[in-house]
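Structure first, then comments.
The shown structure was predicted, so the numbers you read here are calculated from the model rather than taken from an experiment. Lettering follows sequence order; numbering is per chain, from 1.
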Amino acid sequence: SLQEKISGAFAKLRGKGRLTEADVDLALREVRLALLEADVNFKIVKEFIARVREKAVGRDVLESLSPDQMVVGIVRDELQELLGGQTHRLNWSSRPPTVIMLAGLQGTGKTTTAGKLAGLLKREGKKPLLVACDVYRPQAILQLQTVGKQVGATVYEEGKTNPVHIAQRGVSYAREHGHDVVIIDTAGRLHVDEAMMTEAKSIAEAIRPDETLLALDAMTGQDAVQAASAFNQALPLTGVILTKMDGDARGGAILSVRSITGVPVKYIGVGEKLDAIEQFHPDRMAGRILG
Amino acid sequence: GLGGRKLDEEFLEELEEGLILSDVSVQTSTSLISDLRDAARRGEARDDESARDWLKRRVVEVLGVETEPMRFNPSGLTVWLFIGVNGVGKTTSIGKLAHRLVEEGHKPLLAAGDTFRAAASEQLAEWARRADVPIVAGQQGADPAAVVFDALQAAKSRGRDVVLVDTAGRLHNKSNLMNELAKITRIIEREVGHPPDESLLVIDATTGQNGLHQAHAFAGTAPLTGLILTKWDGTAKGGIVLTVTKETGVPVKLLGVGEKADEICDFDATEWTETMFS
Ligand SMILES: Nc1nc2c(ncn2[C@@H]2O[C@H](COP(=O)(O)OP(=O)(O)OP(=O)(O)O)[C@@H](O)[C@H]2O)c(=O)[nH]1
Ligand SMILES: Nc1nc2c(ncn2[C@@H]2O[C@H](COP(=O)(O)OP(=O)(O)OP(=O)(O)O)[C@@H](O)[C@H]2O)c(=O)[nH]1
Ligand SMILES: [Mg+2]
Ligand SMILES: [Mg+2]
């Protein structure tokens, strides 16, 4: 573990009264490596290390702790704070229906997450409507209909037509049929695909979502920053759903995304089944990133 | 000199940073820069420009200068197995290869080995329709090994020469799912008398360091013969494949460069490296 590695580095410096620059730099070398291995963006790691260094150097080593425990403690606190101290809930609209739009790169889990959200909201007593705005991927509409059926949520679709119109009419349909929340599934898209980013923007402008959630794959590497910034610029985002957290990827991409966009994590996906959606815990995530 | 700025530590760090930003592992990046330092000491890279060129050649060397072609069975049915974690592009890659194989005069058959995910068989069936090739699928929840078995039988009896086997995405830390995959490989081996001619691990170019863990784990379910790096039309460089090839010896064979049927191409180490360094 990181603590073991740092304490290994500190083995020769036991029992000092105050953390010196040398002590801290020794420990931070291990922290830097751990963060890079966890997929935290290179530039974010640099900034993070500098911030921790500032907080750690000259700190009194508490009676009850060893220097390595001190540094790890500072690192964990800093990470946890960056990841978002409190639990973030969905923004609920004062005038129903609440509109939630899912967006992101290809294959990150949007359609599955749409089903999970519908199931979760149903369990909370809501009446969600799923809207099929992916008109490109083979059988994407069928996939959404299938997950909709599995959680007992209605799916609004108009086949392979205009996604902006489907979204608009989906919201109207929700209003007319007493659905208090609408979940819009959109096609996976590259942030460098101008036409598709324009489409996403058009959908968002047409329906004015209360929540625009980026589905981010927990195994995303250094490129997370580019993609998240671009989506945030275009839409903008109100939250992130970190998917495939049941894997063993450390998930450092979320730290980069949070640092760059300031967008909070609303939920995490923890499996392929439609009940596999959970609250995000910044403290657990901090521990996972550090490894 | 004539080449450019004299090689210094700052430039070496810049090169290392470039590798890490491309998702090459810290270990691989450090090792490559260490090789470069040795080369510089031997006088093989005197300035920034020649150092960069040296590093590019070293990367190409690690990847394997010669592109490894896809393997066909000389005497019987050819079987290509597609495996990998969820959402990386297995099904789409099969769809693209089905098109390519038909263009090359082959008679492929698709095996819908993902019997779990919503609309998985239907998604592959649409690709089969587009390429005008037969597909063997099963009921939702059927044993995937049974579907693969049926597909191999169907290919033999219908005179098809290549079977493309789609499997469900699975996270490699789920032992029951990895066991299921190992069973599929065994069924193939039993039915055609040898392991799949290609066992292809599909890796998403946006994947970070987890890609190496994926490779190690999936290597335990099938004898990996190649990697397919998908979504290379994005901005992610997919540098983790450099680490995977270096650590496992498995070469990248194909590059996914889009969502359309013709958007797959043979991996070219030199071209890929050029792009990585641009
Ligand atoms: N293990 C695991 N798998 C997940 C999770 N979320 C989604 N998946 C799987 O990831 C794969 C892709 O999910 P989709 O819902 O199709 O992803 P998508 O973002 O809609 O894909 P596109 O529409 O093509 O962009 C599927 O195999 C899902 O079952 C998760 O939290 N854990
Ligand atoms: N831009 C781009 N998208 C791709 C590429 N390959 C696949 N995709 C997209 O990635 C998404 C997932 O592709 P799939 O073929 O369903 O992936 P999969 O591995 O079969 O997914 P599961 O079966 O759910 O594990 C789809 O939206 C594809 O269109 C590629 O090379 N470039
Ligand atoms: Mg989808
Ligand atoms: Mg698939």
Legend entry - Heavy-atom pairs under 4.5 Å with chain B, option from A/Thr146, A/Thr111, A/Leu142 with the top count: A/Leu142
Legend entry - chain B contact via A/Gln143 - side chain, backbone, both or neither, heavy atoms under 4.5 Å: both
Inset, instruction - Indicate whether any N or O donor in one side chain lies under 3.5 Å from an N or O acceptor in the other, for B/Gln27 and B/Thr243. - result: no
Inset, instruction - Apply the side-chain contact (heavy atoms from CB on, under 4.5 Å) test between B/Leu212 and each candidate in B/His216, B/Gln214, B/Gln209; give the one that qualifies. - result: B/His216
Inset, instruction - Classify the side-chain pair A/Asp223/B/Thr206 by whether it contains a donor and acceptor separated by less than 3.5 Å. - result: no
Inset, instruction - Decide side-chain contact (heavy atoms from CB on, under 4.5 Å) for B/Val202 and B/Ile83; before the verdict, give the C-alpha distance in whole Å, the side-chain angles of both, and the deciding distance to 0.1 Å. - result: CA-CA 6 Å; B/Val202 183; B/Ile83 64 184; over 6 Å; no
Inset, instruction - May I ask you to name which of B/His213, B/Lys174, B/Arg170 has the most heavy-atom pairs under 4.5 Å with chain A? - result: B/Lys174
Legend entry - Per-residue contact mode, A/Arg250 against chain B (heavy atom under 4.5 angstrom): neither
Inset, instruction - Heavy-atom pairs under 4.5 Å with chain B are the metric here; pick the option from A/Gly221, A/Ala38, A/Gly188 that has the most. - result: A/Gly221
Inset, instruction - Ignoring hydrogens and angles, state whether a donor on the side chain of A/Gln139 or B/Gln123 is under 3.5 Å from an acceptor on the partner side chain. - result: no
Legend entry - Residue part contacting chain B, namely of A/Lys110, when any heavy atom lies under 4.5 Å: neither
Legend entry - Modelled atom types, side-chain donor and acceptor of B/Ser25 and B/Thr28, under 3.5 Å: yes
Inset, instruction - Tell me, out of A/Leu144, A/Asp248, A/Thr243, who's got the most heavy-atom pairs with chain B below 4.5 Å. - result: A/Asp248
Legend entry - Option that, when pairs with chain B are counted at under 4.5 Å, heavy atom only, ranks first among A/Lys149, A/Arg137, A/Gln145: A/Arg137
Legend entry - chain B contact via A/Asp193 - side chain, backbone, both or neither, heavy atoms under 4.5 Å: neither
Inset, instruction - Against chain A, label B/Thr235 side chain, backbone, both or neither, depending on which of its atoms sit under 4.5 Å from a heavy atom there. - result: both
Legend entry - SB check B/Glu9 B/Arg37 (cutoff 4.0 Å): yes
Legend entry - Heavy-atom contact with chain B under 4.5 Å, split by part of A/Leu33: side chain
Inset, instruction - List the steps and the verdict of side-chain hydrogen bond (donor to acceptor under 3.5 Å, both in side chains) for B/Thr230 and B/Asp204. - result: CA-CA 5 Å; B/Thr230 61; B/Asp204 186 322; 4.8 Å; no
